[in-house]
Amino acid sequence: MTPGIIAAADIPAPHLEYGRLAPILIVLGAASVGVLIEAFAPREYRYWAQVQVALLGLVGAFAWTIALSMSGTPHHVAAMGAIGIDGPTLFIQGTILVLALLSLLLVAERRHEASPFTAQASSVPGSAEERESLVAGITQTEVFPLLLFAVGGMLIFPAANDLLTMFVALEVLSLPLYLLCGLARRRRLLSQEAAVKYFLLGAFSSAFFLYGTALLYGYAGSVRLSDISAAISKQAGGEPLLLAGVALLSVGLLFKMGAVPFHVWKPDVYQGAPTAITALMASCTLVSAVGGILRVFYVGFETLRWDWRPMMWAVAILTMLVGAIVAITQTDVKRMLAYSSVAHGGFLLTGVIATNKAGLSGTLFYLAAYGFTTVGAFAVITMVRDAGGEAGHLSRWAGLGKREPLLAGTFALFLLAFAGIPLTSGFTGKFAVFQAAVAGGATPLVIVGVLSSAIAAFFYVRVIVLMFFSDPAADGPAVVFSPTSTAAVAVGALVTVVLGVIPGPALHLAQSAANQLFVR
Amino acid sequence: MSATHVLANGLLAASHTDTCAGKPYGLGAFGCDPWWLVIGKALVIFVFLLLTVLMAVWAERRIIARMQLRPGPNRAGPFGLLQSLFDGMKGALKEDVVPRGVDKIVFFLAPVLAAAPALVSFSIIPFGGIVSIGGHKTPLQLTDLPVAVLLVLAMSSMGVYGFVLAGWSSMSPYSLLGGMRSSAQVISYEIAMGLSFVAVFLFAGSLSTSEIVNAQAHGSAFHFLGMTLHTPSWYVVLLLPSFVIYVFTMMGESGRIPFDLPEGEGELVAGYHTEYSSLKFLMFYLAEYINMATLSALCTTLFLGGYRAPWPITGVWSGANSGWWPVLWFLIKMWMFIFFFVWVRASLPRVRYDQLMKLGWKVLIPASLGWILFVSTVRALRNEKHDMRPVMLVVAALIVILLLVSVIWERVSGKAEAPDGTPEPEPDPMAGGFPVPPLDAPHYHGAGTARANNSAEATRA
Amino acid sequence: MSGVVAAGAHQTGESVIFWVLAVASVAAALGMILVRKVVYSALLLAVVMLSLAVFYAVNEAPFLAFVQVIVYTGAVLMLFLFVVMVVGVSSTESMVETIRGQRVAAAVAGIAFVALLILGFGHATLPATTGLKDANAAGGNVLGLARLIFTKYVFAFEVTSALLITAALGAMVLAHRERITPKPTQRQLSEARIRSDRVSPLPPPGTYARHNAVDMPALLPDGTVSELSVSPVIARRRGGTHEDLHGELPEVAAKHEATTLRAVVERQVEVDSKVEEKEK
Amino acid sequence: MTGHYLVLSAILFTIGGVGVLIRRNAIVIFMCVELMLNATNLAFVSFSRMHGTLDGQIIAFFVMVVAAAEVVVGLAIIMAIFRSRKSSSVDDANLLKY
């Protein structure tokens, strides 16, 4: 007809490898089903339907990930080159999915209270409306689809092969988390404040990520990591763009994992958010963020490593030291674990700085080991409760070991694993990362790492001493056992011990995953 | 001059210094006019818009009056034609009251922000095909862009600023509420409006107005009883659901009855322009009527074949689409829509705010999304040379089933919600010792007497 | 020859646009972070966004230019304005520093950052501008963008839908109030009203000689102020004084009015009675 | 001209960043973040012309979509905290201090 009419041949149909993308698609699909349930299912069925859909989605995605890694050696780019499916990615995705399953157990908790989340987020804290909705027993079941969307973003983030997909994934994982942070049932003002802080700082950091992306696009003419890498080895003249781009991009990435000096959000958000969500952020988000960092630095900027290493050295040292030192002064359990998580971010960065296969496999192992331990630790926190909800203040934990030796013992195990005591997974992880760093020529970094581990051990031990060697208060918190959170604690403890005592199989898995590095 | 040249260049996304020669149709014909012609066209459009507003105000008052069995303005000039001109002059000469406590800067800025974007939109409306002016062959359209229709959307979203800021700067609760309602309403309806364009873009393969009009020139030919006939080519026929959705959103965007909640007299006095008087008030008035004209012209362009003559005329008169004649067809179509606006205003009451939002978000947006899905599926299948008949049958069957299900659902759920059958108490005619007439007696509703009284109209007209 | 001239004219034309709008947008951006009124900040941000839209047009991105106006200026910023108005009509910010020297430090850091970047850009040798003529050649800008969205970036495009669903869901979670008690019907409302103390409508605000705004309370027959006559919303917004009142509190002003009125009436009665006496 | 646009975008980005640091109304802070994103888009668009590829424009387009979604979530959160505290200043959000 007219010349303006688009012929079908103008745009070739894109090719999506649904089989390889399936884990991501299953999780996002389950999230969409969750939204539909919210829209159409009657209120009384929503909770069970949501839990089942979320469980099925995560388990299905995990099973598919296993199948993918079993079927030959995965080393493909998928979705028109936007996604890289390879050994490390599958390992990270699998880890995220399992940890998300454990966090889901905490999210779905109903024994402690009707739900760990607010009855109605739109009601003003302390208002009559809030009371009414609490009495009516309604719960905000939208948390399940939100959680699944976040997990979907986390799966895409470390797999993203270009910076645009990475940016979109970053937002997909962040937006639900901003929301989830503000939905706590108790101490809602605190929770909302955490959401605002997380949101504002998150948006600020994603602007940096984006400006870095813009400069790299200006340098290389493409945002695909492999193109940038190729441009680095070929092109001359645009180095300032490249270096500024790398620096700004790193700010965005390091913010997500909470490295010093971009860690300020972490303690506030970890403390204010509902503990189930804190567990999710401390495990899955960290794994995903470190996975993204690994991919960007191993694939995109590997040839540039002599330029970014000094900066990362400084960040890693600061992160380890500040995390360990500031944690000593904390009086709130969640806040203390937040600073501990900051310090662990530093240890993970030493693995990134190593930029060798051992570094990659060590980091992968560390991520898995730390993830299980931290989910377990936060699960313990949800179980120690008094009249006002969770007993967060450390002084309330005094003497817990005398009243609930089993639970306190498990918590002590987690703390020892954080400290990196032998026979726990923490030791194996740290050992693997430090060994790789020494091989990669970062011995001073390892010395700082060991030093800060020692500092950190001090406050972990202090908590253990507090729990076992001081007298319990008369009105001390009660421990509420419930099947779901007990299961989360049990799995966390089991994995912590197993990875500590017989780390061989898991280490082997991480090594074989890291064997082929990232696909370009 | 060169600055505007650069801008035009960028917007047309082509350096047309080398494409100017030739191409009679489409985007290639634009950006080649000499400067005097461009300025001339802009001036003509400006004057045309002012005249349209004067005429529309007069026509609206006359038509509504006729519908309400009263004469309407009939003193100033023949048939009262000059009434709106005099009203305008009187309005401009009135005292300009600036209430104490308003935010002065924004208060002055708001009417300008409301009126200026309204004027810009018309620059991409095609009035006709190529004509010859002073020896230059030029299209009867100020300019066209590869994304011309987006310009209208952009300008309407800029226009809202005028209303919102007017509401805010007046520092009065009624104005503020009016401004906020306006912003919520326009944003909501703009989404549905944008979606209603999508099907048109899919069919025309372009976002430029002149190309959309050209795409509606000819339907595909088919043979019937030895005659070559053409399928209807106007998108109002091909894309009827899009058209219907557009008409709804058009009413919503214009902020006129039945969707004039931002200025609802009964609740908000006059909404965002409560505190405005004199020339500033006239600018809001101007903006409203220009918007009405723009929306009508856009509808003509997108759905009614633009400036092209309607089918029976083209069948008998081959010259109907050449020269200056298209302007006539365009004006007829545009005024049809303006008449429609007035007709609706005269017939319908104002809806409630929640009904307005419900219509926008729960009906128009999902409906247009579904329709776009359907249209694009059909287009994709046709592009891949599928046989369309089974597809159409399946879709028709699906629609019928859906309708049936919804009817049954309505029946079932309607029964569930019905009151539980307790009979209404019989009204006691001697309640408390006084005779009480039943409230539905006919004389209470003034049955039989035509009620021309319409206070809302009186205050506005 | 003419090509060279055209290119030169193009260059100067672009320079003119650039310098005018660059100055305008930087000034607006600075104003945005310095003015106290939130609405002014939003308007100045709108100026920046519109200037950027023009820059996009100059940079051969017509589609993006309009999307910028529609999405950013039309929707995003309008949402900001909407929230500002909900949060408080005259929300201004106190400019007291909580952390001393924070603003100076931030400004210094900012200047250092921008100087570093600009120095870097100065040292970078950027490749010559290719222009988008070739990229836009096949079908134009819009088609070119569509081609990229549906091929190279199709996955990001699809994932964006997750983002939009999240946004809608999130807004609903935080803003939608679930009805716990059923909505009262018209009938229930009217019954409740009949049973309540007040069947009649609320008293209208006061109308006096000097003040007749909606925020002036009406006077009861005994001269006291009727609290019910002013909408609580307006009463809260009024914040004590009204500009018409010349510094008086409304309650005081109302009483003032009442006494004036009473005095006037008494005087009138007096005069009238005198006149009557004279007539007698 | 690309260099010019780049410098302009750097300046706007920095102004936005400084704004985030010095302003204390959450809404204004958020507006400053939007300014930063806009500056980024300018860089993308001018680089796009420099390289002669449309990728930059596409990315800018995605940024707009993402920003729109982010605004919805962000303003919803800010509104929620405003409703419970009647203030949108980040200074008043001070329950979480170390």
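Because only heavy atoms are used, hydrogens play no part in the values below, and waters and symmetry mates are left out as well, while side chains stay in. Just so it is clear: chains get the letters A, B, ... in the order the sequence lines come, proteins before strands, and each one is counted from 1.
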Cut-off 4.5 Å, heavy atoms of chain D, and the answer for C:Leu64 is both

Engaged part of D:Phe13 at the chain C interface, taking heavy atoms whose separation is under 4.5 Å: side chain

Which atoms of D:Ser48 come close to chain C, meaning under 4.5 Å heavy atom to heavy atom: side chain ones, backbone ones, both, or neither? both

Can you pull out every ring-ring contact (aromatic ring centres under 6.0 Å, His included) where at least one residue sits in residues 59-81 of chain D? Sequence neighbours excluded, please. C:Phe63-D:Phe61

Among C:Leu163, C:Leu164, C:Val71, the residue with the most heavy-atom pairs under 4.5 Å to chain D is C:Leu163

Interchain contact, D:Ile15 with chain C, by part (heavy-atom threshold 4.5 Å): both

Among D:Val18, D:Leu37, D:Leu6, who wins on heavy-atom pairs under 4.5 Å with chain C? D:Leu6

So, the part of D:Thr53 with a heavy atom under 4.5 Å from chain C: the answer is backbone

Given D:Asn41, D:Ile11, D:Ile58, D:Val73, the one with more heavy-atom pairs under 4.5 angstrom with chain C than any other is D:Ile58

Within the 3.5 Å criterion, strictly below it, is a donor on C:Gln68 or D:Asn38 matched to an acceptor on the partner's side chain? yes

Using non-hydrogen atoms only, which part of C:Ala42 is less than 4.5 Å away from chain D: side chain, backbone, both, or neither? both

Which bit of C:Phe121 is near chain D, if near means a heavy-atom gap under 4.5 Å: side chain, backbone, both or neither? side chain

Max heavy-atom pairs within cutoff under 4.5 Å with chain C, candidates D:Leu8, D:Thr2, D:Ile77, goes to D:Leu8

Heavy atoms only, distances under 4.5 angstrom: which of D:Ile59, D:Val72, D:Val65 has the most pairs with chain C? Name it, please. D:Val72

Can you tell me which portion of D:Met31 sits under 4.5 Å from chain C's heavy atoms? Options are side chain, backbone, both or neither. both

Partner chain D: residue of C:Gly170, C:Ala107, C:Ser41 with the largest heavy-atom pair count (under 4.5 Å): C:Ser41

What part of C:Leu45 gets within 4.5 angstrom of chain D, counting heavy atoms only: side chain, backbone, both, or neither? side chain

So which of D:Met79, D:Glu34, D:Met50 has the largest heavy-atom pair count under 4.5 angstrom toward chain C? D:Met50

With only heavy atoms counted, which part of C:Ala75 is less than 4.5 Å from chain D, the side chain, the backbone, both or neither? neither

Is it the side chain or the backbone of C:Val114 that comes within 4.5 Å of chain D heavy atoms, both, or neither? both

May I ask you to test the D:Met36-D:Val20 pair for a side-chain heavy-atom distance under 4.5 Å? yes

Worked check of ring-ring contact (aromatic ring centres under 6.0 Å, His included) between C:Tyr56 and C:Phe66: CA-CA 9 Å; C:Tyr56 296 166; C:Phe66 284 110; over 10 Å; no

C:Leu117 versus chain D, the contacting section by heavy-atom distance below 4.5 Å: side chain

Would you mind checking which part of D:Leu35 comes under 4.5 Å of any heavy atom in chain C, side chain (CB onward), backbone (N, CA, C, O), both or neither? both

Which answer fits C:Tyr153, side chain, backbone, both or neither, if we ask what part of it has an atom under 4.5 Å from a heavy atom of chain D? both

